[in-house]
Structures are given as structure tokens and as C-alpha cells.
Number of protein chains: 2
Amino acid sequence: MASRASTEKKLLDAADQLLFRRGVTATPVDEVLALAGVSPATLYRAFGSKDGLLVAALERRLDTWLLTWEAAVAAAPDDEARLLAVFDALETFRSRPDGARWCAFLGSAAEHADPPAPLAAALARDTDELRTRLRALAVPVVGEAGADELASSLLLVVSGDLAMRLRDGHVSASAARDVATAVVASARRKTGR
Amino acid sequence: MASRASTEKKLLDAADQLLFRRGVTATPVDEVLALAGVSPATLYRAFGSKDGLLVAALERRLDTWLLTWEAAVAAAPDDEARLLAVFDALETFRSRPDGARWCAFLGSAAEHADPPAPLAAALARDTDELRTRLRALAVPVVGEAGADELASSLLLVVSGDLAMRLRDGHVSASAARDVATAVVASARRKTGR
DNA sequence: GTCTATATGCTGATAGAC
DNA sequence: GTCTATCAGCATATAGAC
């Protein structure tokens, strides 16, 4: 006897494993249903549509990602390591069983010409969290003055790491971290720290 | 009286304008046909399938992109400017009437779980050209020893700039160039130049 | 011979009825 | 949970215009 919460969780788990590996459009609803062991009616009652399930999966995923990132920050020894911990977290998150091919948020947004509002909101929240938290972690490293610019630069590097996963396999895991290290050093020099 | 070459060009132009702005899957073939003012039979005779047209459009697009980049390199005053000219070219290319929402190659690849061979080859060629040419431009700046690593780093920054276009509009046009400048400075310091 | 216009088979996703 | 209707998009076939 399946409770409502557990069938919804099964659907979200299935969505996580399929939609973000194969792509949203490329994955038939039937496969999600089959993996979840759930009937179509359940999906449409709980989430309204395939897109509804997608958005719910993204929201849950963002929470998980932020926890992963927080753990990496907590494990880092000093201010600069805390700022760069996002790259450790990316690696950890990528190696999860439901790790996306590149990025669940960017990938979902990229599939729509003009993403529907709830989907755009999910990506915007991801972007905001990245920028805001990077900025907060940047303050101890370069001070208030340089924090905005450094956060934007690092967000670009993070996005670059994600996009590189779509290209051929030449990419070393530490490439993004190396670039970020250079960016931080440059910002430090600029602010005299 | 429409010649064979001209109808094919009309299809490629329409593909450029629609597929890479709205996304490949998101654009029905019918719209491409309507914009090109061409009948279905013409498309399927010339390109075999929607995907065939896509690949042909990507191939033509890569040639155009490389010409744009070469022009930007030629206009740059010194070795470092030539290495960073790729960011000028990105801006120029983006502002074309058929400029992609983010990146025609990454976007097309992202839509397939496991891209069909001709599509994968198109993206691989894009990646190879970027890496190889960046490496050649890096040699005068940091020497043979550091050129591979610098090229890889800059490729990541380029990809980051492209991916940022999927996020919200906070991005300044010079952000990628600033990051790249820091990366080049760091590489220079490392190789003692 | 190359194109246009139109009609149609086919497949698979979505949604809802039972 | 099964089963079915609807709908959209891709691909092809046919017939005729330049």
C-alpha cells in the first residue's frame, strides 16, 4: 500500500535519474512512469503534467545541491578554500547516481525556446543562490568592494565547467578550479589583499 | 525559377534563424519550411531529414564563425590581444541577426541524450577548432610549455560565457574577457613571461 | 527536372475516462 | 491501474506548375 508521499517521491526519484541524464524532451513519460512503477493517473494528479514534475524535481534538486555545497564549505580549512569549495561540491554532485549529464537547470532551460514561467523561476533561483552565496564567501577573501565582481566571475567559471561536460572528454576535473584560483589571485591583487 | 542551390540556401538560412534561437526540438519542421518558403519534398530530397538539415546548418555556421574569429584576430594589435580576440568575435557573432540564444553547437548536442554521430562530429569539430586555434595563439604569449593548459582554460571561459547566456541578464559583456585576462596573467607569471 | 501544393500514414506524447 | 481518445510533429506520396 503506497502512501501519497511515497508515490510522489518515487516519481521525483525517477525524474531525477532520467530527465537530467537523457534530457527532458528525449525522455518519454512512459519511461519515467515505468521506473517509478506508477500509473499515469498518479503523475497527472500529483504534478499536472510532465513539466510540472520537471519543475518539482528541479526544486528538490536545488535543495540537495545547496546541502552538498554547504557540506563542502564546512569541510574547507580557510576562507579561500571555502570560496573554492563550490568546485569540490560540483564533483561530488556530479558523481551521484542521478548526476546530470551536465546541468539539470541549464539543460532544462536550454530545451525550451522561451522557458515557461515556473521553469524560468527554477533556473533563476539556482543562479541567484549561486551568485549570492559566492558573493558571501568572497567577502572574507577580497572584501566588500570586490565581492560582486569576483562572485560573477566565479559563476562564469562554474557555468563553464558545466558546459565543458557537453564537449569531448579532454577536460580534467581540476581545470575549473585552476581557472578559479587564477581569478581569485587576480582579484586579491587588485584589492591589495 | 528556383535553382537547387538557392532553395538549399533558403533552408539553411531558415534553420539558422529558427533552430538555434528556439531550440531544435522546439521548432517544428513546418515552421522552417514556412520561413524558407519551400515545400517538404525539397527539404527531404536535399537533406534527408530534419537532423540532416541541422547538421548542414551547423557545418556552415562553423565556417562563418571561424571567419568572424579570424577577422577579430587580424584586427588585434598584439599577441595578447590576438589571444583574447575570441571574446570580441563572440560578441560580434552573437549580435548577428541569426545569433543563437547561447550556442548552436552546445545547444544542439544538449538536446540529445546521446547525440547521433554526425551531430557529435559537428560539436567535436567546433571544440577542436577552438582548442587548436587558442593553443596556437597562446604560444607567442606563454610559450610552448604553457600553451596547452592555457588553451584549455580559455576554452572553459568561452564555454562559460556561452552558458551564462542561459542564465538571467546580470551578465556584463566584458565579464568573460576579464576572467580570461586574469587567467592569461596567471599563466604568464607561471612561465616567467 | 526541380519546384509547389496538398493529402496522408505513422508514431508517440499527453491527458483523461473508466 | 488499464485502456483509449486526441493531438502534434515527422516523413512520404501524388499530382501538377514553371
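Keep in mind that what you see is a predicted model, and the values were worked out from it rather than measured. Below, chain A is the first sequence line, B the second, and so on; all start at residue 1. All values below were derived from every heavy atom in this structure, side-chain atoms included, with hydrogens, water molecules and symmetry-related copies excluded.
Across the protein-nucleic acid pair, B/D51 atom CG and D/dG9 atom C1' stand 14 Å apart, rounded to whole Å. We find that CG of B/L33 is positioned 13 Å from C1' of D/dT12, with the value rounded to whole Å. Across the protein-nucleic acid pair, B/R45 atom CZ and C/dG1 atom C1' stand 10 Å apart, rounded to whole Å. Taking atom CG of A/L43 as the reference point, atom P of D/dG1 lies 13 Å away to the nearest angstrom. Distance, B/K50 NZ to C/dT11 C1': 15 Å, rounded to whole Å. In this structure, the CD atom of B/E111 is 15 Å from the C1' atom of D/dG9, given to the nearest Å. For the pair B/L53 CG and D/dC10 P, the computed distance is 11 Å after rounding to whole Å. The separation between B/D30 atom CG and C/dT4 atom P is 15 Å, rounded to whole Å.
Residue contacts shown for B/T27 are limited to sugar-phosphate atoms, with no base heavy atom under 4.0 Å away. Contacts of A/G37 with the nucleic acid, taken as non-hydrogen atoms under 4.0 Å apart, involve only primed sugar atoms and P, OP1 or OP2. Among the atoms of the strands shown, only primed sugar atoms or phosphate atoms (P, OP1, OP2) are found under 4.0 Å from some heavy atom of B/V38.
B/V142 and B/A147 get closest at one heavy-atom pair: CG2-N, 3.9 Å. Across A/R101 and B/A110, no two heavy atoms sit closer than the pair NH2-O, 3.4 Å. Smallest separation of non-hydrogen atoms from A/R61 and A/D98: NH2-O, 3.0 Å.
For the 3.5 Å distance criterion, the side chains of A/R22 and A/T27 fail to qualify, holding no donor opposite an acceptor.
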(Q) Applying salt bridge (charged side-chain N to carboxylate O under 4.0 Å, His left out) to B/D79 and B/R82, what does each step give before you reach the verdict? (A) CA-CA 5 Å; B/D79 288 338; B/R82 276 184 280 277; 3.0 Å; yes

Q: List the steps, then state whether salt bridge (charged side-chain N to carboxylate O under 4.0 Å, His left out) holds for A/D114 with B/R21.
A: CA-CA 9 Å; A/D114 178 57; B/R21 277 217 168 283; over 6 Å; no

Q: Starting from the C-alpha separation in whole Å, work towards a yes-or-no answer on salt bridge (charged side-chain N to carboxylate O under 4.0 Å, His left out) for B/R125 and B/E59.
A: CA-CA 9 Å; B/R125 197 182 145 215; B/E59 281 168 356; 5.9 Å; no

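The side chain of B/Y44 approaches D/dA11 more closely than any other nucleotide in the set D/dG9, C/dA13, D/dA11. Of all nucleotides listed (C/dA13, D/dA11, C/dA15), D/dA11 comes nearest to the side chain of B/S49.
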Please list each protein N or O that sits under 3.5 Å from an N or O in nucleotides 2-7 of chain D, with the distance.
none

